Peer 1: 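This structure is in structure tokens; I'll ask about it shortly.
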Amino acid sequence: MNAIPSLPLNDKHSIPQIGLGMWQVADTQAADVISTALDAGYRSIDTAAIYQNETGTGAALRATAAKYPREKLYITTKLWNNEHGFDRALKAMDASLKRLGLAYVDLYLIHWPLPTRNQFLDTWRALVRLRDDGKAKSIGVSNFNVDHLRRIIGETGVTPAVNQIELHPHFQQAELRAFHAAHGIVTESWSPLGQGTLFQDATLRRIAGKHGRTVAQIILRWHIQLGLVAIPKSVTPARVRENLSVFDFALDADDMAAIATLDRTPQGDGRIGPNPETFSMA
Ligand code: NAD
């Protein structure tokens with residue numbers, strides 16, 4: 001297996017370009033899937049308070065610590081919607097660290113901006129404090145749009161290291177990617193495989209045939225070549241391994257151009273998950 005490349009962050013740290021997504025992984029499944037992933041070569045795990053598997057993730061990390069020491073791993077978790085606000089955010093982080101059994105995470109994200117509640121600036125100031133206190137090496141956001149990013153950068157002077165957003169061939173997020181590039185923010189793609197909705201796509205199948213790869217590998221390779229971080233989720237060992245085997249081939253310019261045409265954003269379509277402007281589930 002080829003080594004997983006990392007992308008530099010704007011705070012001198014770096015992030016592996018592929019991580020394991022943990023949404024909808026049961027707490028009791030975490031040990032098996034994390035051990036499989038670490039053995040396959042993964043070093044980055046993406047969990048969140050709302051996924052209710054931080055405890056299982058922590059147990060898995062302790063069980064594998066002899067082979068995979070903490071400092072070699074990259075652990076991300078996220079602050080849930082009912083924990084916005086300065087004081088609540090500080091407490092939420094302590095609760096996550098306790099469940100994980102860790103002294104720090106590598107990346108702590110605000111999961112959703114909840115713009116109608118208008119608290120994300122205070123929450124962001126708490127994340128800055130948490131970074132200064134060493135509880136998170138890096139801090140970032142998730143599901144923030146350009147306006148939200150402009151506000152936190154403008155009013156706190158601290159640019160997020162990462163914005164984790166829905167991004168896949170049907171929803172390519174050109175505007176946000178351009179803003180991120182201009183401001184030194186790494187783009188991390190959630191639902192990078194489109195939650196399985198892209199596997200029958202004729203263009204992707206043709207490119208997969210051309211390279212002798214699976215459609216999942218073609219999509220993940222596309223994320224890599226765009227300079228993104230991708231966090232595919234699978235609990236099936238063969239797929240966990242397959243999703244990491246994307247560093248020994250390359251898409252050519254024709255492949256990249258063909259995948260670019262799959263974007264449904266111009267038709268006002270393509271999004272699978274909630275719209276951050278209106279999503280407010282607590
Ligand atoms: P995904 O795009 O990773 O797709 C997962 C689905 O694809 C699963 O059903 C899985 O069985 C299938 N799959 C995975 N690898 C496959 C393969 N090689 N062949 C065939 N099928 C395969 O979708 P996701 O889980 O929604 O997103 C990935 C991760 O992103 C999540 O686990 C979570 O960590 C993160 N996420 C974050 C947010 C957020 O708001 N920040 C939202 C959703 C997801």
Side-chain angles (χ1 to χ4, degrees), residues 15-27 29-30 33-34 36-37 40 42 44-54 56-57 74-81 96 105-114 120 139-145 148 160 162-173 176 186-201 204-205 208 213-224 228-246 262 270-282:
I15 182 169
Q17 253 188 304
I18 297 261
L20 179 72
M22 290 291 288
W23 182 41
Q24 294 178 321
V25 176
D27 207 37
Q29 269 184 313
V33 66
I34 288 176
T36 299
Y42 288 73
S44 171
I45 313 280
D46 181 83
T47 184
I50 193 65
Y51 300 168
Q52 297 188 4
N53 55 27
E54 289 176 311
T57 298
Y74 194 94
I75 310 299
T76 299
T77 195
K78 315 186 192 84
L79 171 134
W80 186 239
N81 295 347
S96 278
V105 292
D106 296 276
L107 180 63
Y108 196 43
L109 304 176
I110 302 177
H111 208 143
W112 293 88
L114 309 184
F120 63 72
I139 52 174
V141 293
S142 177
N143 299 303
F144 276 45
N145 69 21
H148 310 144
V162 169
N163 188 14
Q164 184 184 114
I165 54 174
E166 179 178 346
L167 201 163
H168 44 74
H170 281 166
F171 194 60
Q172 301 190 12
Q173 297 267 30
L176 260 173
V186 163
T187 306
E188 186 170 29
S189 307
W190 65 252
S191 296
L193 300 171
Q195 289 178 14
T197 58
L198 294 153
F199 293 135
Q200 300 309 319
D201 180 87
L204 293 170
R205 287 171 73 104
R213 297 286 173 154
T214 66
V215 169
Q217 289 173 319
I218 297 302
I219 299 170
L220 292 169
R221 184 69 209 174
W222 172 80
H223 288 273
I224 299 299
L228 313 174
V229 173
I231 45 171
K233 178 259 180 179
S234 176
V235 294
T236 308
R239 288 176 175 172
V240 168
R241 288 190 281 274
E242 174 187 323
N243 292 345
L244 199 61
S245 298
V246 295
L262 302 180
R271 192 193 286 281
I272 297 171
N275 188 329
E277 281 303 328
T278 50
F279 185 69
S280 64
M281 191 177 99

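Indexing begins at 1, ligand by ligand and atom by atom, following the structure's order. All values derive from a computational prediction rather than experimental measurement.
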Peer 1: Where is the nearest protein heavy atom to atom 32 (O) of ligand 1: which residue, which atom, and how far?
Peer 2: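 Closest protein heavy atom to atom 32 (O) of ligand 1: Trp23 N, 2.9 Å.
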
Peer 1: Output yes when a side-chain donor or acceptor of Gln17 lies under 3.5 Å from a complementary backbone atom of Leu228, and no otherwise.
Peer 2: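 Judged by distance alone, yes, a pair lies under 3.5 Å.
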
Peer 1: I'd like to know if the side chain of Asn81 and the backbone of Ser280 have a donor-acceptor N/O pair within less than 3.5 Å.
Peer 2: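 It does not hold such a pair.
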
Peer 1: Minimum heavy-atom separation for Leu167 to His223, with atom names?
Peer 2: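 That would be O-CE1, 3.1 Å.
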
Peer 1: With a 4.0 Å cut-off on heavy atoms, is Thr214 in contact with ligand 1?
Peer 2: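 No.
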
Peer 1: Among all protein heavy atoms, pick the one closest to atom 15 (N) of ligand 1 and tell me residue, atom and distance.
Peer 2: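 The protein heavy atom lying closest is Asn243 ND2, 3.0 Å.
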
Peer 1: Suppose we screen for salt bridge (charged side-chain N to carboxylate O under 4.0 Å, His left out). Which residues come up paired with Glu166, at least two apart in sequence or across chains?
Peer 2: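 Glu166: no salt bridge (charged side-chain N to carboxylate O under 4.0 Å, His left out) contacts found.
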
Peer 1: Check the orientation of Trp80 and Phe279. Use parallel for under 30°, tilted for 30 to 60°, and perpendicular for over 60°.
Peer 2: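 It falls in the perpendicular class, over 60°.
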
Peer 1: So which heavy atom in the protein is nearest atom 29 (C) of ligand 1, and how far is it from that ligand atom?
Peer 2: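 It is Ile231 O, 3.1 Å.
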
Peer 1: I'd like to know if the side chain of Thr76 and the backbone of Asp46 have a donor-acceptor N/O pair within less than 3.5 Å.
Peer 2: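 Not at all, since once roles are kept as given, no pair shorter than 3.5 Å links the two residues.
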
Peer 1: Of all heavy-atom pairs between Pro232 and Leu193, which one has the smallest distance, and what is that distance?
Peer 2: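 Of all heavy-atom pairs spanning Pro232 and Leu193, the closest is CB-CD1, 4.1 Å.
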
Peer 1: Determine whether a donor-acceptor pair (N or O, by modelled atom type, separation under 3.5 Å) exists between the side chain of His148 and the backbone of Pro113.
Peer 2: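 Side chain of His148 to backbone of Pro113, a donor-acceptor pair under 3.5 Å: no, none is there.
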
Peer 1: Find all atoms of ligand 1 within a distance of less than 4.0 Å from any non-hydrogen atom belonging to Ser234, and give their numbers and elements.
Peer 2: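 The list of qualifying atoms is 14 (C), 15 (N).
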
Peer 1: How far apart are the C-alpha atoms of Leu176 and Thr187, what are their side-chain angles, what is the distance that settles it, and do they pass the side-chain contact (heavy atoms from CB on, under 4.5 Å) test?
Peer 2: CA-CA 8 Å; Leu176 260 173; Thr187 306; over 6 Å; no

Peer 1: Do Ser96 and Glu54 have side-chain N/O donor and acceptor atoms under 3.5 Å apart?
Peer 2: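 Present: a donor and an acceptor within the cut-off.
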
Peer 1: For atom 4 (O) of ligand 1, which protein heavy atom lies nearest, and how many Å away is it?
Peer 2: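 Ranking protein heavy atoms by distance from atom 4 (O) of ligand 1, first comes Gln195 CA, 3.4 Å.
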
Peer 1: So, regarding Met22 and ligand 1 (criterion: nitrogen or oxygen to nitrogen or oxygen, under 3.5 Å), is there a contact or not?
Peer 2: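 Min N/O separation from ligand 1 is below 3.5 Å for Met22.
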
Peer 1: With a cut-off of 4.0 Å, which atoms of ligand 1 are near a heavy atom of Pro232?
Peer 2: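 Result: 3 (O).
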
Peer 1: Kindly identify the option in Arg241, Glu166, Arg239 whose heavy atom sits closest to atom 11 (O) of ligand 1.
Peer 2: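 Among Arg241, Glu166, Arg239, the closest heavy atom to atom 11 (O) of ligand 1 comes from Arg239.
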
Peer 1: Could you name the option among Trp190, Trp112, Phe199 that has the heavy atom nearest to atom 44 (C) of ligand 1?
Peer 2: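 Comparing heavy atoms across Trp190, Trp112, Phe199, the nearest one to atom 44 (C) of ligand 1 lies in Trp190.
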
Peer 1: To the nearest 0.1 Å, how far is atom 13 (N) of ligand 1 from its closest protein heavy atom, and which atom is that?
Peer 2: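 Closest protein heavy atom to atom 13 (N) of ligand 1: Lys233 O, 3.9 Å.
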
Peer 1: Do you know the tightest heavy-atom contact between Gly273 and Trp190?
Peer 2: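 Scanning both residues completely, I find the closest heavy atoms to be CA-CH2, 3.9 Å.
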
Peer 1: Can you pull out the closest protein heavy atom to atom 26 (O) of ligand 1? Residue, atom name and distance to 0.1 Å, please.
Peer 2: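 So the nearest neighbour among protein heavy atoms is Ser191 OG, 2.7 Å.
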
Peer 1: Provide the number and element of each atom of ligand 1 under 4.0 Å from a heavy atom of His111.
Peer 2: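 Answer for ligand 1: 39 (C), 40 (O), 41 (N).
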
Peer 1: Determine yes or no for a side-chain-to-main-chain donor-acceptor pair under 3.5 angstrom, with Asn163 supplying the side chain and Phe144 the backbone.
Peer 2: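 Yes; at least one donor-acceptor contact below 3.5 Å.
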
Peer 1: Taking N or O atoms only and a 3.5 Å limit, does Leu193 qualify as a polar contact for ligand 1?
Peer 2: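 Yes; the residue has a nitrogen or oxygen that sits under 3.5 Å from a nitrogen or oxygen of the ligand.
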
Peer 1: Under 4.0 Å from a heavy atom of Ala216: give me the atoms of ligand 1 that qualify, with their elements.
Peer 2: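 The list of qualifying atoms is 17 (C), 18 (N).
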
Peer 1: Tell me which pairs pass side-chain hydrogen bond (donor to acceptor under 3.5 Å, both in side chains) where either residue lies in residues 235-244, with sequence neighbours left out.
Peer 2: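 Output for this query lists Thr214-Glu242.
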
Peer 1: With nothing but distance in play, are any N or O atoms of Gln164 less than 3.5 Å from an N or O of ligand 1?
Peer 2: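 Yes, since at least one N or O of Gln164 sits under 3.5 Å from an N or O of ligand 1.
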
Peer 1: Does some non-hydrogen atom of the protein lie less than 4.0 angstrom from atom 9 (O) of ligand 1?
Peer 2: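 For atom 9 (O) of ligand 1 the answer is no, since every protein heavy atom stays at 4.0 Å or beyond.
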
Peer 1: Using a 3.5 Å cut-off on N or O atoms only, is Glu242 in polar contact with ligand 1?
Peer 2: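 Yes; the residue has a nitrogen or oxygen that sits under 3.5 Å from a nitrogen or oxygen of the ligand.
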
Peer 1: In ligand 1, which numbered atoms sit nearer than 4.0 Å to a non-hydrogen atom of Gly194?
Peer 2: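 Here the atoms of ligand 1 in question are 2 (O).
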
Peer 1: If you have a sec, work out which protein heavy atom is nearest atom 33 (C) of ligand 1 and how many Å separate them, to one decimal?
Peer 2: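 Protein heavy atom at minimum distance: Tyr51 OH, 3.4 Å.
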
Peer 1: Which residue owns the protein heavy atom closest to atom 40 (O) of ligand 1, what's the atom, and how far is it?
Peer 2: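 Ranked first by proximity to atom 40 (O) of ligand 1 is Asn143 ND2, 2.9 Å.
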
Peer 1: Under 4.0 Å, heavy-atom basis, I'd like to know which part of Pro192 is in contact with ligand 1: side chain, backbone, both or neither.
Peer 2: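 Both of them.
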
